[in-house]
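Chain letters run A, B, ... following the sequence lines, proteins first, then strands; residues in each count from 1.
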2 protein chains.
Amino acid sequence: MANIQQVAKLAGVSVATVSRVLNGQRTVSAKTRFKVEQAIEKLNYEPSMLGRNLRNSESRMLLILIPAITNPFYSEVIKGIEHIAISSNYNILLCETDSSPERENIYFDLVRTKMADGIISMDPAVNTETLKVLAKKHAIIQCSEYTPDSGIPYVTIDNERASYQAVKHLIQLGHKEVAIINSDEKYLYARQRMMGYKRAIMEHGLELNESYIIHTQQLGFEQGQQAMRKLLSLKERPTAVFTVSDLLAIGALKEINSQGLLVPNDIAVAGFDKIDFSNMTNPTLTTVAQPMYKMGTIAAEMLIAKIKGQEVENVILDHELVIRQSTLG
Amino acid sequence: MANIQQVAKLAGVSVATVSRVLNGQRTVSAKTRFKVEQAIEKLNYEPSMLGRNLRNSESRMLLILIPAITNPFYSEVIKGIEHIAISSNYNILLCETDSSPERENIYFDLVRTKMADGIISMDPAVNTETLKVLAKKHAIIQCSEYTPDSGIPYVTIDNERASYQAVKHLIQLGHKEVAIINSDEKYLYARQRMMGYKRAIMEHGLELNESYIIHTQQLGFEQGQQAMRKLLSLKERPTAVFTVSDLLAIGALKEINSQGLLVPNDIAVAGFDKIDFSNMTNPTLTTVAQPMYKMGTIAAEMLIAKIKGQEVENVILDHELVIRQSTLG
DNA sequence: GTGAAAGCGCTAACAT
DNA sequence: ATGTTAGCGCTTTCAC
């Protein structure tokens, strides 16, 4: 593997000049540039990023922290991040925490040890204390889940209102027994969506029934099934269910189906995220659309700005209630 | 940010000694080690991987090439890769090619420029010529899709046999009109699965009907729907459909449903991959289970061995036909 | 317009 | 057991 020295030698110039050509500086004469390019070609030279990165004291890597790669919600956001990253000459270090603090710490080390120039955290279970400390010395953005008043910039949606609108939709359809399948309320988004749920219930003069509130530890199909099983075993079954994730909703749908009940006739279901799957279920799923791709691009832009030392503002993106068969029939 | 010099100075030792402590060498006396650790603590020192990597001439990054991050098949494989990578102190550079040659080339540059120590390619659309050239100087493994006789080690399953078994299952159920929704046969796996399909048809004395063979450009829900629409518009509808991906199968299921037909009574459907969602459809999907996680761990182990300069053998993993409602009712 | 040289932070060979 | 030093491959300041 050739290095810059050998190129310089072959071209009969100094390494400085080779470097200038490499970096597209205009202070090199056309003749010299040509000689250098010839030498590069001949030696099949590729500049080593290891040397460049050390010299520039940067890695040009963006660390993305997600709880689980299997949730399509994150896949879409990542697509957005990737788009911006590529066009800004950054690369993505995708890190799945499985909500494990040890794993998380391994990944935090990547930025501590300069292997990553910044972090986009999408993990609701992230250790906010560590994150805050880290944010003092490193560029960090939170995406979707965030920490208010932490000084860490974030991009997200208005979870309370999104949840409110979904539940209101169910209520306006005539449902009086509306359940919610939420995730653990140690997460901010879960608390916000719960608030939206409660506000909708209250504002419409309905009764808040504690047995209609189910919490799950994770956002998966199985958790949705289990939660729905609980709800279906109730003496007074709900007639509608709002879940904070499409994955939960799809699991719930499945469980309702297995018990021989019909959606939406027996029970209406609404989810959250508008993942691709949500349009493939039978019936198709009413859900709150999050602008996932856009969220990704914005998070990436914010992070890159932050890495450059610029100030960045928090961003709240618009959501949209997408009404489909699982509530309308 | 402290560097190794400052630590050495504060501890009253040389940088070599600090380096030894950092790398856990036992040739350092307990007393000295303690002093160094104190200094590290005090300065909040974190060794820079930029320096270390340049010196060691490695990046400890593994580049993973996938066509689309949104296909859950890849997510599972990645989970496996990640598991091994972490425990071997490597990190993952996840790269989505979107089957675009330009993007692919950007990613190849990462290994050319030493930003990645090796590649696991899972992209069927990968440029095999470039890959072969690259493989001469770099560690490369192919996972799932591979290039026979290229000298590039791979881990995969027996696609022909898997496909054969799935189609045979349909035939043994009494179906005589069995269609296949395949992807473009420029991909090896597509050709292999087609061969399995044809062998099953032939061996059972059925007629090969060209109009029952549909090709799609991508593996997505929409492509499955479109393909199924074509099949349903046929004068002589097939009574069973085998698709080379669960995503296609789910799209097909959807289309059959929308046209008011029933699975499996009117048409039986079998997919491929056993992604999580395949158990959430209504009816649940008969599918060929690929050991995705294991495939990931093995690919990662092979790559790391290869990086170390060891020879590695190709691996063919077992698959399994999982029979569920979409064929059995 | 080009070159010489310093130095980014680390490891390892060699010396003691 | 510990220190000295060269050098990994690059960029950039400062001369000329």
Nucleic acid contacts of residues 108-116 of chain A, taken as heavy-atom distances under 4.0 Å to DNA chain D: none

Determine, for nucleotides 11-16 of chain C in 5'-to-3' order, which nucleotides have protein heavy atoms under 4.0 Å from the base (write B), from only the sugar-phosphate (write S), or from neither (write -). BBB---

Which heavy atom in A:Y74 sits nearest to a heavy atom in A:P124, and how many Å separate them? OH-CD, 4.0 Å

Polar contact flag, side-chain donor to acceptor under 3.5 angstrom, B:T156-B:Y189: no

Contact summary for A:P67 and A:E96, nearest pair of heavy atoms: O-CG, 3.5 Å

Chain A on DNA chain D: first and last contacting nucleotide, 5' to 3', under 4.0 Å to a heavy atom? D:dG9 to D:dT13

Would one find more than 12 heavy atoms of other residues, nucleotides or ligands at under 6.0 Å from atom CD of A:E311? no

Run the salt bridge (Lys or Arg N to Asp or Glu O under 4.0 Å) check on A:E37 and A:K42 step by step: do they pass? CA-CA 8 Å; A:E37 280 163 353; A:K42 194 157 183 181; over 6 Å; no

Taking atom types as modelled, is there a side-chain donor on B:D273 or B:Q290 under 3.5 Å from an acceptor on the other? yes

Among pairs that include at least one residue of residues 101-150 of chain A, which meet ring-ring contact (aromatic ring centres under 6.0 Å, His included), considering only residues two or more places apart or in two chains? A:Y146-A:Y154

With heavy-atom distances below 4.5 Å as the criterion, would you say the side chains of A:M115 and B:R60 are in contact? no

Round to the nearest Å and state the distance from B:N3 atom CG to C:dC8 atom P. 7 Å

Just to be sure I understand the rule, does B:S57 reach a base, reach only the sugar-phosphate, or reach nothing, if contact means heavy atoms closer than 4.0 Å? nothing

Please name all residues satisfying side chain to side chain donor-acceptor pair (under 3.5 Å) with B:T147, sequence neighbours left out, ordered by chain then number. B:Q142

B:N53 CG - C:dC10 C1' separation (whole Å): 10 Å

How would you label the contact of B:L54 with the nucleic acid (heavy atoms, under 4.0 Å): base, sugar-phosphate, or nothing? base

For the pair B:K132 and B:E129, find out whether any cationic side-chain nitrogen is under 4.0 Å from an anionic carboxylate oxygen. yes

What's the CD-P distance between A:Q5 and C:dG3, to the nearest Å? 13 Å

Any pair with a residue in residues 115-124 of chain B that passes side chain to side chain donor-acceptor pair (under 3.5 Å), sequence neighbours left out, goes on the list, sorted by first then second residue, please. B:S59-B:D117, B:T97-B:D123

